[in-house]
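No hydrogens, no waters, no symmetry mates; every other heavy atom, side chains included, goes into these values.
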Amino acid sequence: MYDPTVARLTYRALLGRRRALILGALPLLLIVISVVVRGLAGADDQTASDLLGGLALATMVPIIGVIAGTGAIGPEIDDGSVVYLLSKPIKRPTIILTKLIVAIAVTMVFSALPTMIAGLILNGNGQQIAVAYTVAALVASIAYAALFLLLGTVSRHAVVFGLVYALVWEALFGSLVPGARTLSVQQWSLAVAHKVTGGDLVTSDVSLTTGTVLLVAVTVLATWYAGQKLRSLTLAGEE
């Protein structure tokens, strides 16, 4: 279920010079802000939690997920080069799963690692805050990559829709509207982070069981449906 050639091509597409600069911009900004905040406010657990939750998990992780998830397949569909890939004797689920693995890896590297670095800068991992948000970023990366890979498969405007979801639903409604919070990857991953800290600095509107089940369900269903859409795209091309 993993093809090295497809993986290599996907890594090359995602980590090209321009896309790599975009992927690196937000993590760099997070680290710079963390250095400034630590210099001005000192080591404060609440400040660290607020910054990691508000900037890292609520904004940086979903945006990087959009770039990696949609970029793993969207451009190939837009320019028609996916037809060449589909003409090869590779199973369609293998293509989707390989691209998902690459998108997850890229999202994790550009989101979870900077989150850990920022957390260590802010308060030296006091009360396990840095580790908690890093774990949240890791599990959120999986769900975001699957969701946005699906978007890249079904829509030519996947980046726009993905950014609307990331910035409007997750960052805005997810932080202001109680009902929307329970349907948020951010809140599901925060449930995992809350378990890591065991304290009140990191909280979620859903339980650990609910958050875990929804993270797994969304990832599996999005991956499965992306495979189905890719199969239908193949049939359309063959016709």
If you compare all heavy atoms of [X] against all heavy atoms of [Y], which two are closest, and at what distance to 0.1 Å?
X    : Y    : value
L15  : F110 : CD2-CE1, 3.9 Å
Y2   : A7   : OH-CB, 3.1 Å
V206 : A191 : O-CB, 3.6 Å
P75  : T70  : CD-O, 3.4 Å
R38  : L120 : NH1-O, 4.3 Å
L163 : V66  : N-CG2, 4.1 Å

Gap separating the [atom1] atom of [X] from the [atom2] atom of [Y], nearest 0.5 angstrom:
X    : Y    : atom1 : atom2 : answer
I117 : L122 : CD1   : CG    : 12.0 Å
I64  : Y144 : CD1   : OH    : 11.5 Å
L97  : K91  : CG    : NZ    : 12.0 Å
L147 : L100 : CG    : CG    : 10.5 Å
T98  : Y11  : OG1   : OH    : 10.0 Å
K99  : L14  : NZ    : CG    : 8.0 Å

Kindly indicate, with the supporting measurements, whether the criterion side chain to side chain contact (heavy atoms under 4.5 Å, CB included) is fulfilled by I121 and I31. CA-CA 8 Å; I121 292 172; I31 293 173; 3.9 Å; yes
Find out whether [X] and [Y] are in side-chain contact, i.e. whether some heavy atom of one side chain is under 4.5 Å from a heavy atom of the other.
X    : Y    : value
L138 : V192 : no
D44  : N123 : no
I67  : I63  : yes
M60  : L55  : no
V131 : M116 : yes
L57  : L190 : yes

Between T115 and T134, do the side chains contain a donor N or O and an acceptor N or O under 3.5 Å apart? no
Is a side-chain donor-acceptor pair under 3.5 Å present for Y133 with S49? yes
[X] (side chain) donor-acceptor with [Y] (main chain) under 3.5 angstrom:
X    : Y    : answer
W188 : A143 : no
S189 : Q186 : yes
T47  : A43  : no
T94  : I90  : no
Q187 : D205 : yes
R18  : G16  : no
T10  : A103 : no

Between M108 and I142, does a side chain to side chain contact (heavy atoms under 4.5 Å, CB included) hold up when you go through it step by step? CA-CA 8 Å; M108 285 181 171; I142 299 172; 3.6 Å; yes
Passes side chain to side chain contact (heavy atoms under 4.5 Å, CB included), T219 versus W224? Steps please. CA-CA 9 Å; T219 301; W224 172 80; over 6 Å; no
Does the plane of the ring in H157 sit parallel, tilted or perpendicular to the ring in F161? Use 30° and 60° as the thresholds. perpendicular
Tell me whether [Y] is reachable from [X] by hopping between hydrophobic residues (I, L, V, M, F, W, Y) whose side-chain heavy atoms are closer than 4.5 Å.
X    : Y    : answer
L29  : L51  : yes
L214 : V139 : yes
L9   : L23  : no
M1   : I73  : yes
L52  : L28  : no

Worked check of side chain to side chain contact (heavy atoms under 4.5 Å, CB included) between H194 and L208: CA-CA 8 Å; H194 174 69; L208 176 62; over 6 Å; no
